[in-house]
Amino acid sequence: MLQIYDTLTKKKAPFTPLKTGEISIYVCGMTVYDYCHIGHARVMVSFDVITRFLRSTGWKVDYVRNITDVDDKIIKRATENQESMPALTERMIEAMHEDEQKLFVLPPDQEPRATAHIQGIIDITQTLIDKGYAYPASNGDVYYRVAKFEGYGKLSNKNIDDLRAGARVAVNDAKENPIDFVLWKTAKEGEVSWDSPWGAGRPGWHIECSAMSKHCLGDNFDIHGGGPDLPFPHHENEIAQSEAANGCTFANLWMHAGAVRVNSEKMSKSLGNFFTIRDVLKKYNPEVVRLFLASVHYRSYIDYSEASLKEAQTKLERFYQALRGITPVAAPLDNTYQADFNAAMNDDFNTPKAIAVLFELVNDLNTASRQKDAATGALAHQLLALADSIGLLQQDPESFLQGDAKEGEISADVIEALIVDRKQARANKDFAESDRIRDALLAQGIVLKDTREGTSWFRES
RNA sequence: GGCGCGAUGACAGAGUGGUCAUGUAGCGGACUGCAACUCCGUCAACGCCGGUUCGAUUCCGACUCGCGCCUCCA
């Protein structure tokens, strides 16, 4: 039985889908004005793990992750770069797709872009005005009338009075109330804009998700997800917009990933302490990053550090060492691994516990392999099948372990040649020479492993 | 100030009212020419103070410390 923690109720509860066997998920994706950082990677990977697992257990998943390709930051950045807004967003979307592909993140089923849903945005805004939940102001902007929406604050536990008292938003005389937020912004001279009943302008920040989710999944859908900083104000405002406009519950359940930290501080754009995915991938195999992110429950914070990435690297080496040279066989196996693994994942996607099951399986696999047990191939197959259900162990063991020679690193050909020399030296009992070769390789990060069948090697990072 | 989250062995990180998490590191052994890989064994923990209980790391309350949101950020 699938159980999921809901940000709104703050409880973990059995999941009930709108349609039997089907799950609709809308996740807030990227605002494309810069390269993705590890925080973005966490959201991408978390929901990729979740959707892969759900599918592996028979759910039909409709996974939507949007792209916000018009907003203040994008306009600002495009101006700074002296490039057009579409040129900037196209560039960043392409980079994002490269990053996620490297991380073994499958594309969402639908990836709507805000600029393709302007009409939907205008329609919702008009509906909100008609229903009295929004008003065109003297400056031409259209604002949401927060006080009018009864449930405002229910997701993030805010109440309107506290927000008003502590409002740090710059005072804006055009608003009826300082906590009102903008749905439609009047375009400034020379800015990108679309025609609307309220003049040329562009959408505010939150309205695009109300429009895109409505278009892709309907007025009411199963799960809405996103990063740790989205419950307030973004998701709170989405609820206010969608529920007021559509007159029904918006998302049935809310999921939020935990923060990535660096030195005990949240990694964020505004603090400037972020690492981009592409920078990290220069040093680590993409699957190392994936395993690092899956090593902690998706709702907890995770600390980014060289040590934790190294640890993930070591773990992955253990997995691939176990699989190396073994031919998986799809044979029935009498064990509880599958059941334990699925139980862990069905319990609010407990990846650390699920991965612990994989390690227990590795131990059995290694033992079987040592003893030339007939179950070896079946165990390897089981390990690969379980890992695959969360998008791990996607690479060939040999090529993962040997890696690609990076700039200035010793090539596979040279290594193989030295191994032949060493084999000759060992045959001659010239251990001084054989050890010299091994040490020389080790100094370049190449570790040798002698087996009855010969010598294999892997690249340490 | 308001709302919320967390504190587990050397480190990372799950979990449970009374028997093992798991991984790395350490220690002892096997394998090996010596190693590495691998295997066997082993050490080690539940912030602090009360309460409930036959029994609490696990439930309840106070405290201390750390963190997040309340403003753009995944």
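Just so it is clear: chains get the letters A, B, ... in the order the sequence lines come, proteins before strands, and each one is counted from 1. These numbers come from a predicted model, not from an experiment.
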Among the nucleotides [options], which one has an atom lying closest to any side-chain atom of [X]?
| X | options | answer |
| --- | --- | --- |
| Leu163(A) | rC73(B), rG33(B), rC70(B) | rC70(B) |
| Asp450(A) | rU24(B), rA35(B), rG23(B) | rA35(B) |
| Pro352(A) | rA14(B), rA74(B), rC67(B) | rA14(B) |
| Val296(A) | rC34(B), rG13(B), rC39(B) | rG13(B) |
| Glu360(A) | rG33(B), rA14(B), rA21(B) | rA21(B) |
| Lys10(A) | rA36(B), rA74(B), rG4(B) | rG4(B) |
| Pro233(A) | rG33(B), rC72(B), rA14(B) | rC72(B) |
| Arg370(A) | rA14(B), rA30(B), rU22(B) | rA30(B) |
| Phe359(A) | rA74(B), rG23(B), rA35(B) | rG23(B) |
| Ser270(A) | rA21(B), rC72(B), rC69(B) | rC72(B) |

Once you round it to whole Å, what is the distance between [atom2] of [N] and [atom1] of [X]?
| X | N | atom1 | atom2 | answer |
| --- | --- | --- | --- | --- |
| Phe232(A) | rG4(B) | CZ | P | 15 Å |
| Leu448(A) | rA36(B) | CG | C1' | 8 Å |
| Asn263(A) | rC67(B) | CG | P | 12 Å |
| Tyr152(A) | rG2(B) | OH | C1' | 15 Å |
| Arg452(A) | rU38(B) | CZ | P | 17 Å |

Could you give the distance separating [M] and [N] at their [atom1] atoms, to the nearest angstrom?
| N | M | atom1 | answer |
| --- | --- | --- | --- |
| rC48(B) | rA7(B) | P | 13 Å |
| rU42(B) | rC5(B) | C1' | 37 Å |
| rU16(B) | rG55(B) | C1' | 14 Å |
| rA30(B) | rC37(B) | C1' | 14 Å |
| rC73(B) | rG4(B) | P | 23 Å |
| rC46(B) | rG6(B) | C1' | 14 Å |
| rC49(B) | rG41(B) | P | 36 Å |

With a non-hydrogen cut-off below 4.0 angstrom, is [X] in contact with a base, only sugar-phosphate, or nothing?
| X | result |
| --- | --- |
| Phe431(A) | base |
| Asp435(A) | base |
| Leu230(A) | sugar-phosphate |
| Ala257(A) | nothing |
| Gly258(A) | base |
| Ser369(A) | nothing |
| Gln321(A) | sugar-phosphate |
| Thr451(A) | nothing |
| Lys158(A) | base |
| Arg422(A) | base |
| Val260(A) | base |
| Lys449(A) | base |
| His256(A) | nothing |
| Ser268(A) | base |

With under 30° as parallel and over 60° as perpendicular, where do the rings of [X] and [Y] fit, or are they tilted in between?
| X | Y | result |
| --- | --- | --- |
| Trp254(A) | His235(A) | tilted |
| Phe319(A) | Phe359(A) | parallel |
| His206(A) | His234(A) | tilted |

If only side-chain N and O atoms of [X] are considered, is one of them under 4.0 Å from the OP1 or OP2 phosphate oxygen of [N]?
| X | N | result |
| --- | --- | --- |
| Asn159(A) | rG2(B) | no |
| Arg318(A) | rC39(B) | yes |
| Lys266(A) | rC69(B) | yes |
| Lys269(A) | rA74(B) | yes |
| Asn363(A) | rC40(B) | yes |
| Asn157(A) | rG4(B) | no |
| Ser295(A) | rA14(B) | no |

Which residue lies more 5' along RNA chain B, comparing Asn350(A) with Arg42(A) via nearest heavy atoms: Asn350(A)

Return the 5'-most residue of the pair Thr367(A), Asp303(A) with respect to RNA chain B, ranking by each residue's nearest nucleotide.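 This one resolves to Asp303(A).
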
